[in-house]
Amino acid sequence: MIFPTTTFAVFFCIVLVASWLLMPHPRFWRLFIIGASFVFYADWNWKFVGLLAFSILWNQAIGVGIHRARVQSQRQALVGLGVVVDVGLLGYFKYYDFFVSSGSNVFSDLGLGGFPIGTKAIVLPVGISFFTFMAISYIVDIYRRELEPASLAKFGAYLSFFPHLVAGPIVRGSELLPQLETPRDPRRVDTSRAFYLIATGLFKKVVIANYLATHVVDQVFGAPVQHSSLETWIAVFAYAVQIYADFSGYTDMAIGIALLLGFKFPQNFDSPYAAISIQDFWRRWHMTLSRWLRDYVYIPLGGNRKGEPRTYLNLMATMLIGGLWHGAAWSFVIWGGLHGAWLAIGRYRREHGLATDATSGWALWRQRIATFGLVCFAWIFFRSGSENGLSTAFEVIGRLFNNWGAPSPLVTGGVLLAIAVGIGTQYLPARIPQAIMSWFSRRQVAVQIVVLAFALMLSRTMGPQGVAPFIYFQF
Amino acid sequence: MATRPRTRSSRRSREDRVPQGPLAGTDNGAGGRGPRRRLHPAGQAIVVAIGALLLGAFLNARGLHKTAQSMNPSWKRDLGLALSGPLQTISDGTALDLPRRGVQAALGRSGDDDIVTAIKLPPPPPPVVAKPPHRRPVVPPAPHQGNPQPPPPPVAPPPPAPPPRKPAFSPKHPLRVYIGGDSLVIVPGESLLRAMGSKVYKPIDSVDGHVATGLERPDVYNWFDRIREVMKNDKPNVVIVAFGANDDHSYMTGLPAGANLGEFGSAAWIKEYRRRVGGFMDSVIRAHGFVVYLGMPIVQSPSERSDFDLINRILYQEAKKRPNGAVYIDTWFQFADPATGGYAEYLKNSHGDLVKVRADDGVHFEPAGGDIIARLVLKQLNKRYDLTSWRKRG
């Protein structure tokens, strides 16, 4: 089930009413929300419901085991076992074929004969990357004594809670579990923010992302040799806006839906294309993944505590893992590697007084434009995807420079407008959406209904027919 | 067990602080910056959410009805049609559909909600009457007029006729190519566009791929109208298409009056689908185009595999009936595991490297798979057309 569908609308209306009715009875509420979340997940493929259930039971058992263990070595062994099984499951479903094919090609290149194991056609369960990361954060936080284990029902509700289940945000136990502890206050629901996030998220995903995908991005990245340099430049910028609108639109809807149910999720995007450095970009882009990588990869690797060279190495390793998390392909690894290298270079320049973060004037804009340019360059590898990804990426890069003067029918007013809206809104002062939400919150119920219904109508009418899947479902 | 998150230090809380951003929304209105907003009771949230969805349903009634109509036969479709029909009637009657119509008109998409099921196919070609083999007329010997003539010397048999000249194309007179179909044509189509380059081939726009469409459901997307429009406006020499992956249902719209379809694979179903495939091919051939029909590859699901096999047979037979106007390209065996003959996600490429050729869904192609099909198509085009002699001419 995905959010912008009639099926989900009906499902959510039922869940919203039942959830608030059951809220005074936390036990029933938790069982209800687990059941609803499993129905939500099973609508995609019921065969993988067992995988989600296993993840809940396994990580709960490990969490409780760690908490009860008195000896540090036992705690270490348990957390290690928990992480290995979680990563193993993720690795099997997501990376098995990638590693087997890569290994087979290495064997073939070295003349070592056939690779001992063959590929399998493995279906990737939707959302496995997200709920696995959440489960790992839960057991590691217990190991670090930052969190105590929840009851099985609470942990089940936390891990399977449908608003974040398939595409994040990656909510930590310390953020959601306390909210599951006590009933949400039915007198104080932040409805205006919730509806604002749902309406703008829907518009970003259904209108902007889909429009750019179908009108320029898919065509140029599908066959770069058929397009002019101008079209290629525009397609690269359009993809930057598309992936932002697609992913941030989805998580905005997730945050809004959770808010209507009375729960607060962390924000996942904060105007990433207004960033003034790559480090700043990662403070604003997929923020819940960034902090997960920081807390569960970068810091355990030693962070910046083991000298300068090791810090750069840790940055690079963290971003390579981040790249691989997005997909089993070398183009994603290169994307991560580019970001890792730029983070390391940026850190070196700051550490040695070669660069400072501008706060105003041309220097600020220069830094913003340079950062956006680097991010867009890396997106070329990201978009080029799995097999043949590298050759497509290099074709696109070549096309940026060597076909000026050819006709550019894909560069239309609509495409330029969508890109301008996607980037321009990131520079809107925060007071504007605040004012819209404030205005909305003071209107009568009937006015709120009409405004929201018209927003739904606009997204539905301006979007394409049918619903395209979200980009981040595949991750 | 109580859940008690322990706060570690001010460093952690500072790191966890969520920055504010305009489109992504901001923190709780009660304590946030900017104008304060009111918090509301949950009951109001429910009333506004359900009220907006209901009013939105009336405003979008025509679109909802079209969506329900486009679904595959199931209880969901029946329910959707049962609900959206009256919704649309009320919406039309109360003028609640006007805002949607207005937005569509402003976007130049006024026909989006129309449900068209009619299929316009050219009349079937006249049956080919087998001609007797050409024989030299027997000339009766002339009446005897004196001395008989000596018999003519034996004549050597004529040299075999040269193969018919292939239509030639060049950068000045490029081969115009249209690529369209369901989702299975998108990746191979893109591979073709890459492989064709920009000299002797002239693609008509990008790949005209429409997900979840086919020849069964003109109400979802009317390919019969679309191909007539393409042939009329763009005049392609070659039409490369792929349909069938969404056509394995016991349901079609646009049936001739009184026709009974039966189950998928029944004689009536095969007859109707054959009529559509053949009619589609004839629409192209009559407009002087050549059809390259991509067959469906082996797929992961065994049930789909047998459905696709049946459809492939129809495609093959219809193309074979039109040897000068259509060709069927088999992809089934190209994508089967060479060892087992079963489904394969990875295959070895020409360099001997194992590459992923099929997408994770077990149906679609990865670009490396698209490249395999592109090579097969280009081989066929080179068989039929002279695409290289312009190089020798300089």
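Bear in mind that the values here come from a model prediction, so they are computed numbers and not experimental data. The chains referred to below are lettered A, B, ... by the order of the sequence lines, with proteins before strands, and numbering in each begins at 1.
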A:T461 and its side chain to side chain donor-acceptor pair (under 3.5 Å) partner, picked from B:Q104, B:R109, B:R100 = B:R100
For B:L59, is it the side chain, the backbone, both or neither that has a heavy atom under 4.5 Å from a heavy atom of chain A?
-> both
So which of A:P186, A:A9, A:A274 has the biggest tally of heavy-atom pairs under 4.5 Å with chain B?
-> A:P186
Got a sec, which residues hit salt bridge (charged side-chain N to carboxylate O under 4.0 Å, His left out) with B:R101, two or more places apart in sequence or on another chain?
-> B:D97
Could you tell me which portion of A:F195 (side chain, backbone, both or neither) has an atom closer than 4.5 angstrom to a non-hydrogen atom of chain B?
-> side chain
Engaged part of A:M462 at the chain B interface, taking heavy atoms whose separation is under 4.5 Å | both
CZ/A:R460 to CG/B:L64 distance, rounded to the nearest 0.5 angstrom?
-> 5.0 Å
Chain B: which of A:A455, A:S248, A:S192, A:S441 shares the most heavy-atom pairs with it under 4.5 Å?
-> A:S441
Against chain A, residues from residues 205-214 of chain B with at least one heavy atom under 4.5 Å, in numeric order, are B:D205, B:S206
Between B:I186, B:L54, B:L53, which shows the greatest number of heavy-atom pairs under 4.5 Å with chain A?
-> B:L53
Per-residue contact mode, A:V450 against chain B (heavy atom under 4.5 angstrom) | both
Who pairs with B:Y178 by ring-ring contact (aromatic ring centres under 6.0 Å, His included), at least two apart in sequence or on another chain?
-> none
Would you check if the side chain of A:T191 reaches a backbone N or O of B:A45 as a donor-acceptor pair within less than 3.5 Å?
-> no
Distance (rounded to the nearest 0.5 Å) between B:R37 CZ and A:I436 CD1 | 12.0 Å
Given side chains that start at C-beta, do those of B:V103 and A:L458 come closer than 4.5 Å, heavy atoms only?
-> yes
Is A:V17 close to B:I50 at the side-chain level, that is, under 4.5 Å between some pair of heavy atoms?
-> yes
The reported gap from CD1 in B:I46 to CG in A:L16 (rounded to nearest 0.5 angstrom) is 4.5 Å
Correct closest heavy-atom pair for B:R36 and A:R442 would be O-NH2, 2.7 Å
Out of curiosity, B:H40 NE2 to A:F440 CZ, how far, rounded to the nearest 0.5 Å?
-> 7.5 Å
Can you name the salt bridge (charged side-chain N to carboxylate O under 4.0 Å, His left out) partners of A:D280, sequence neighbours left out?
-> A:R283, A:R284
Interface residue of largest heavy-atom contact number with chain A, from B:V47, B:L55, B:L107, under 4.5 Å = B:L55
Kindly give the heavy-atom pair with the smallest separation between A:A453 and B:A52, and that separation in Å.
-> CB-O, 3.6 Å
